[in-house]
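Only a predicted model underlies this, so the values are computations on that prediction, with no experimental measurement involved. Order of the sequence lines sets the chain letters (A, B, ...), proteins ahead of strands, with each chain counted from 1.
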2 protein chains.
Amino acid sequence: MGRKRTKSGKIRLAEVAELAGVSPITASRFFRNPEALSVAKRTRVESAAKELGYVPNLAARALASQRTEVIGVLIPSLTNNVFSDVLRGIYDASEGSRYSIQLSNTRYSILQEEKLLRLFLAQKPAGLIVTGIDQTAESRAMLQAADCPIVQIMEIGPDPVDMMIGFSHYDAARAAIAHLFEQGHRKVGFVGARMDPRVQRRLDGYVSAMKDAGSFDQRLVVTTATPTSVTLGGALFTDLLAREPDIDAVFCANDDLALGVLFECRRREIAVPGQIAIVGFNDLEFMAAAVPTLTSVRTNRYEMGKTAATMLIDAIEGRRPEQPVLDLGFKVIERQSSSARRSDSRPAVSAAGAANKMIALPSSHD
Amino acid sequence: MGRKRTKSGKIRLAEVAELAGVSPITASRFFRNPEALSVAKRTRVESAAKELGYVPNLAARALASQRTEVIGVLIPSLTNNVFSDVLRGIYDASEGSRYSIQLSNTRYSILQEEKLLRLFLAQKPAGLIVTGIDQTAESRAMLQAADCPIVQIMEIGPDPVDMMIGFSHYDAARAAIAHLFEQGHRKVGFVGARMDPRVQRRLDGYVSAMKDAGSFDQRLVVTTATPTSVTLGGALFTDLLAREPDIDAVFCANDDLALGVLFECRRREIAVPGQIAIVGFNDLEFMAAAVPTLTSVRTNRYEMGKTAATMLIDAIEGRRPEQPVLDLGFKVIERQSSSARRSDSRPAVSAAGAANKMIALPSSHD
DNA sequence: AGGAACGTTGACAGCGCTACCAGCAACGAC
DNA sequence: GTCGTTGCTGGTAGCGCTGTCAACGTTCCT
């Protein structure tokens with residue numbers, strides 16, 4: 001009877017055990033591995049816990065068990081729509097599990113990422129989700145040495161640290177360009193912002209596709225390190241036009257830029273797709289609502305987050321996936337903005353319903 | 001010498017203390033209240049910690065001190081742009097502090113919020129940020145009873161639980177309508193989605209302004225419980241037009257809807273603002289880039305999040321703000337989409353509205 | 001029947017840190 | 001000189017839980 005009972009009605013495991021008529025350790029087991037208890041004790045502990053409104057003390061649990069039930073998530077941006085979809089998937093998957101999400105923002109800096117990684121690892125997380133495959137050597141070493149499962153998301157590549165889920169931005173960009181060529185467009189510009197590694201790989205895909213077609217010209221590429229925005233799309237497009245007035249299509253590294261290009265075309269009274277075709281990337285919701293509807297490359301962001309968290313939790317609990325690297329693929333969603341060249345110069349003003357009819361069409365991939 | 005040293009080179013406070021030649025408790029104090037140490041010991045502990053690469057064990061700290069350094073954040077949506085800006089502010093403010101953010105998504109359900117609140121409170125957070133002022137009675141009681149600072153964000157109202165930061169959605173909507181009236185628009189429709197409490201209060205503001213002008217008609221209001229989207233903006237506007245073909249303006253409860261209305265106008269070849277004026281809400285980035293540029297009500301979302309977290313941390317550390325309720329106000333950003341009915345007049349600069357916080361900006365561009 | 005194997009339960013000893021209080025030196029007030 | 005007072009330091013005793021291992025009863029096998 002060493003310990004005095006805590007004054008306020010604070011419910012500890014000991015209280016639950018007492019009410020249930022079992023030892024504290026048995027009650028403890030109930031919460032971690034109910035199957036290990038006999039049915040009789042299990043129900044007794046269960047009802048005792050419910051009656052007292054017991055909530056386990058996570059700090060004590062973490063201290064005693066030498067591990068936490070925290071999943072660390074490192075993403076480069078909180079405001080980018082792409083990541084908010086991924087995050088939603090992660091949070092949805094973690095809900096109902098015992099794990100909680102600890103989120104940190106690397107702001108597209110791999111040095112910041114390294115710093116945060118060190119911080120996270122020191123707290124022995126149950127698992128880790130990191131963005132992309134471009135880490136510092138030091139970060140990579142820490143990840144390799146970490147004794148928890150790790151999922152890299154957003155893209156796939158060689159040498160996964162552990163698990164990996166994403167798609168090939170390179171292939172996706174190539175598919176977008178292939179689509180434009182199929183529609184008869186030849187002089188295709190590239191507009192990109194931020195130029196993080198994934199955007200860079202989209203650019204690489206664009207370059208390779210253009211070179212394959214014998215159409216590559218460095219002057220067709222306009223990029224900036226500035227963070228992306230709709231306004232920026234218009235500005236970059238303006239630059240592109242000043243350099244190469246006779247382009248017939250623009251591949252935008254993301255949808256915000258594509259929307260900016262569309263507005264800039266409207267401002268300049270350039271017909272889309274009559275004079276210039278537009279293709280975006282990610283297929284955000286507004287792409288299907290725009291006039292004309294905007295072609296984009298659909299990426300499965302929500303699913304990516306959800307699957308990543310699910311894989312991670314499974315791995316934490318010892319159920320490692322048969323497939324540690326998962327390619328979620330992409331789809332080129334063909335819409336009005338990239339339709340064949342010969343169409344008249346007015347944008348197709350069609351019945352509201354017709355716009356979304358073009359959805360579908362898996363491409364070279366997936 | 002009771003305890004054996006942990007086998008692997010795990011650095012505990014005891015190791016730091018030993019190297020520094022002080023007792024563990026003195027080393028502990030160094031991390032919590034360095035000023036309490038003599039300068040000599042302070043520097044000794046500091047260099048010892050650095051030399052060993054000591055990282056405190058947060059679980060042990062939380063267990064021993066009976067409190068955590070976690071700030072709980074409850075928001076209704078992870079994908080809504082509005083909240084991602086707020087979140088960014090919160091994360092930015094928490095960075096560099098000792099506090100970490102624990103985020104949960106209520107999905108616009110106050111029952112879910114209550115459940116999450118119970119979960120959070122059980123872990124004794126250092127502070128709490130909750131969205132809005134509409135909680136269940138039970139939630140409110142828990143918040144009142146919580147022994148940590150609490151900030152309600154996104155809006156202001158009577159009876160703050162503790163601290164509060166936001167603005168009046170009601171006044172903001174009234175200001176938007178006042179602006180439309182100043183520009184000569186009379187038959188103003190309302191388009192709203194999701195209809196969460198804050199959107200509802202925007203609707204209330206709209207209704208009151210319209211009634212003041214003697215122009216209110218229930219048929220001018222089109223709403224749905226469906227989550228918002230650009231596409232939905234077009235659909236709701238279509239409904240509105242079918243009911244009231246001769247409206248001359250639309251006030252949209254958010255910018256996504258406004259963009260959808262703009263596209264729908266384009267699809268139907270309705271001139272904006274010639275035939276129909278459009279006003280949105282929140283002033284997302286794309287509003288200034290659209291063609292025509294779209295008028296909106298600017299809200300200080302990033303600042304709201306940042307200030308909320310800063311106030312909260314200050315309160316946790318005993319520096320309570322002199323002003324527990326902070327009204328961040330709003331601004332009607334006047335752009336082309338709402339300019340005066342006659343085509344030759346340019347957007348006017350006006351100081352409209354009831355709220356003294358409100359400042360109308362000149363503009364058409366940002 | 002005897003023993004092994006299994007399933008179930010409990011006792012004990014911490015996990016790494018901090019709250020609390022006691023101790024000690026240095027200093028000023030009387 | 002004595003007494004408090006202040007500033008700094010250390011010892012003790014947990015915080016609430018779980019890992020480990022031992023002990024027990026039961027079942028199954030030979």
Side-chain angles (χ1 to χ4, degrees), chain A residues 1-45 48-49 52-69 98 122-124 126, chain B residues 1-45 48-49 52-69 98 122-124 126:
Chain A
M1 272 301 81
R3 271 176 203 173
K4 64 197 175 282
R5 180 179 250 120
T6 31
K7 45 198 165 256
S8 68
K10 205 176 301 161
I11 305 303
R12 305 196 313 282
L13 192 53
E15 273 75 57
V16 176
E18 192 181 3
L19 180 61
V22 300
S23 71
I25 187 66
T26 299
S28 166
R29 264 191 280 266
F30 168 76
F31 293 100
R32 291 174 291 151
N33 184 16
E35 286 75 28
L37 302 202
S38 62
V39 179
K41 304 223 168 182
R42 197 185 311 170
T43 52
R44 289 234 300 282
V45 174
L52 296 172
Y54 171 72
V55 182
N57 180 321
L58 299 184
R61 178 179 287 176
L63 180 60
S65 67
Q66 295 286 69
R67 57 196 158 67
T68 62
E69 284 164 354
R98 59 201 302 170
Q123 298 308 324
K124 302 196 196 74
Chain B
M1 276 299 85
R3 272 177 202 173
K4 64 199 174 282
R5 180 181 250 118
T6 32
K7 46 200 164 253
S8 68
K10 203 177 304 164
I11 305 303
R12 304 197 312 281
L13 193 52
E15 273 75 58
V16 176
E18 192 181 3
L19 179 62
V22 300
S23 72
I25 188 64
T26 299
S28 166
R29 264 191 281 266
F30 168 77
F31 292 100
R32 290 174 292 148
N33 184 17
E35 285 74 28
L37 302 204
S38 62
V39 179
K41 305 224 164 179
R42 199 186 308 172
T43 52
R44 288 234 300 283
V45 175
L52 296 172
Y54 171 72
V55 181
N57 180 320
L58 299 184
R61 179 179 287 177
L63 181 59
S65 67
Q66 295 285 70
R67 56 197 158 66
T68 61
E69 284 164 354
R98 60 200 302 171
Q123 298 309 323
K124 302 198 197 73

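Here B:K124 contributes atom NZ and B:Q66 contributes atom CD; the two are 5.0 Å apart, rounded to the nearest 0.5 Å. In this structure, the separation between CD on A:E15 and CD1 on A:I11 is 5.5 Å, given to the nearest 0.5 Å.
You'll find that the side chain of A:N57 is closest to D:dG16, out of D:dT18, D:dG16, C:dC17. Of all nucleotides listed (C:dT18, D:dG19, D:dC17), D:dC17 comes nearest to the side chain of A:A64. Among the nucleotides C:dT18, D:dC17, C:dG16, the one closest to the side chain of B:R61 is C:dT18. For A:L63, the side-chain atoms get nearest to C:dC15 when compared with the rest of C:dC15, D:dT18, C:dA19.
No contact: A:F30 has no heavy atom under 4.0 Å from any strand.
Each end of the helix from C:dA1-D:dT30 to C:dC30-D:dG1 yields a helix axis from five base pairs, and these two axes differ in direction by 30° (to the nearest 10 degrees).
Residue-environment remark: CZ (A:R67) stays at or below the threshold of 12 foreign heavy atoms within 6.0 Å. The number of heavy-atom neighbours closer than 6.0 Å to CZ of A:R98, taken from other residues, nucleotides and ligands shown, is above 12.
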Practice prompt. Give the intermediate values and the outcome of side chain to side chain contact (heavy atoms under 4.5 Å, CB included) for residues B:F30 and B:V16.
Written response: CA-CA 11 Å; B:F30 168 77; B:V16 176; over 6 Å; no

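The CG-P distance, from B:L58 to D:dG16, rounds to 18 Å in whole Å. Rounded to a whole Å, the CZ atom of B:R67 is 17 Å from the C1' atom of D:dG16.
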Worksheet item: How does protein contact run along nucleotides 6-11 of chain D, one letter per nucleotide 5' to 3', with B for base contact, S for sugar-phosphate only, - for none, heavy atoms under 4.0 Å?
Response: --SBBB

Below 3.5 Å, can you tabulate the donor-acceptor pairs from side chains in residues 52-62 of chain B to any protein atom, sequence neighbours excluded?
{"from": "B:N57", "atom 1": "OD1", "to": "B:A59", "atom 2": "N", "distance (Å)": "2.9"}
{"from": "B:N57", "atom 1": "OD1", "to": "B:A60", "atom 2": "N", "distance (Å)": "2.9"}

